[in-house]
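Just below is one structure, and these are the notes that go with it.
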Amino acid sequence: MPKSKRDKKVSLTKTTKKGLEAKQKLIEELRRCVDTYKRLFIFSIVNSRNRQLKDVRNAWKHSRIFYGKNKVMMVALGRSSAEEYKDNLHQVSKHLRGEVGLLFTSRTKEEVLDWFSQFAESDFARAGNKATLTVSLDMGPLDQFPHSMEPQLRQLGLPTALRKGVVTLVSDYEVCREGDVLTPEQARILKLLGYKMAEFKVTIRSMWDADTGDFEQLVEDPKDVPQAMEEEEDDDDDN
């Protein structure tokens with residue numbers, strides 16, 4: 001009698017007892033989702049933000065989302081055809097690289113693609129993001145800032161001074177040019193000025209069908225993605 005793919009003993013090494021229990025619990029929960037939902041989607045995130053990710057989770061409460069812990073997800077699904085929990089799940093594991101997550105749902109492929117294609121939220125850029133436009137400030141008063149902020153603005157590199165209690169730019173200043181890779185100081189200045197240059201966006205990359213076991217890649221994986229990004233990702237990893 002062939003051995004069931006569900007009869008798997010999972011070995012997790014190099015971890016504490018508490019960590020081992022948490023990982024084992026996550027593996028069991030992932031496998032319950034495989035048994036429960038009709039489809040499994042891999043998604044990637046650009047400009048990941050906790051608040052926007054929470055919005056996605058709230059909109060998909062009827063489904064389950066797991067984000068982070070790539071290595072553990074690979075163990076749960078199976079990293080090879082011999083280890084996989086169900087047929088073709090090792091194909092899913094092959095694509096768990098970088099900032100990606102899993103969406104378990106019984107909604108149709110069309111519903112999933114349509115919703116996520118329309119979901120995007122702008123946010124403030126962080127250091128390392130590219131400037132999407134050139135921002136220049138003209139010499140003169142910066143009335144939007146209280147006088148108490150002048151030392152902070154000067155520390156960020158702005159040529160400011162207090163003139164009659166008003167924060168004043170003593171010369172023209174270019175905060176950034178379009179295409180610049182932003183420094184921490186530039187990102188902070190842009191946030192203070194209210195410029196949002198980042199967009200939180202979720203891309204559905206591939207799908208696994210529970211009924212047929214078919215795996216379908218919908219978008220090519222990005223090149224030069226690290227082979228494993230797991231432990232450094234946040235702990236807010238499932239619904």
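The model shown is predicted, which means the values in this text are computed figures rather than measured ones. Along the sequence shown, the residues carry numbers beginning at 1.
- Partners of Ala59 by side-chain contact (heavy atoms from CB on, under 4.5 Å), not counting sequence neighbours, listed by chain and number: Trp115.
- Residues Leu89 and Leu40 have side chains in contact (heavy-atom distance under 4.5 Å, counting atoms from C-beta outward).
- Between Phe200 and Phe119, the two ring planes are perpendicular [angle over 60°; tilted spans 30° to 60°].
- Ring pair Phe66/Phe104 is perpendicular by interplanar angle, where above 60° counts as perpendicular and below 30° as parallel.
- Residues Arg49 and Glu121 are not paired through a salt bridge, judged by the lack of any N-O separation under 4.0 Å between the basic side chain and the carboxylate.
- The side-chain heavy atoms of Met197 and Leu133, taken from C-beta on, include a pair separated by under 4.5 Å.
- Residue pairs meeting the salt bridge (charged side-chain N to carboxylate O under 4.0 Å, His left out) criterion with at least one member in residues 136-153, sequence neighbours excluded: Glu150-Arg154.
- Partners of Val219 under the side-chain contact (heavy atoms from CB on, under 4.5 Å) rule, at least two apart in sequence or in another chain, are Thr203, Arg205.
- Ser206 is listed as a side-chain neighbour of Phe215, based on a closest heavy-atom distance under 4.5 Å.
- More than 12 heavy atoms of other residues, nucleotides or ligands lie within 6.0 Å of CD in Gln217, so this atom counts as buried by the packing criterion.
- At a threshold of 4.5 Å between non-hydrogen side-chain atoms, the residues Tyr195 and Cys176 do not count as touching.
- With contacts defined as side-chain heavy-atom distances shorter than 4.5 Å, the pair Gln152/Phe145 does not qualify.
- For the pair Val56 and Ile65, the minimum side-chain heavy-atom distance is below 4.5 Å.
- Contact of the Arg64 side chain with the Glu29 side chain is registered, since non-hydrogen atoms from C-beta on lie closer than 4.5 Å.
- Trp60 and Leu113 fall within the same hydrophobic cluster, where Ile, Leu, Val, Met, Phe, Trp and Tyr residues are linked whenever their side-chain heavy atoms come under 4.5 Å apart, directly or through other members.
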message = Walk me through whether Asn47 and Glu199 qualify under side chain to side chain donor-acceptor pair (under 3.5 Å).
response = CA-CA 6 Å; Asn47 295 312; Glu199 183 180 64; over 6 Å; no
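- Every residue meeting the side-chain hydrogen bond (donor to acceptor under 3.5 Å, both in side chains) condition with Lys109, not counting sequence neighbours, appears here in chain and number order: Glu216.
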Show the atom names and distances, to 0.1 Å, of all donor-acceptor pairs under 3.5 Å that link a side chain in residues 161-174 to residues at least two apart or in another chain.
{"unit_1": "Thr168", "atom_1": "OG1", "unit_2": "Val166", "atom_2": "O", "d": "3.0"}
{"unit_1": "Asp172", "atom_1": "OD1", "unit_2": "Met139", "atom_2": "N", "d": "2.7"}
{"unit_1": "Glu174", "atom_1": "OE2", "unit_2": "Arg177", "atom_2": "NH1", "d": "2.9"}

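- With sequence neighbours excluded, the residues forming a side-chain contact (heavy atoms from CB on, under 4.5 Å) with Lys191 are Phe124, Arg188, listed by chain and number.
- A 4.5 Å side-chain heavy-atom check between Val135 and Glu178 finds every atom pair outside the cut-off.
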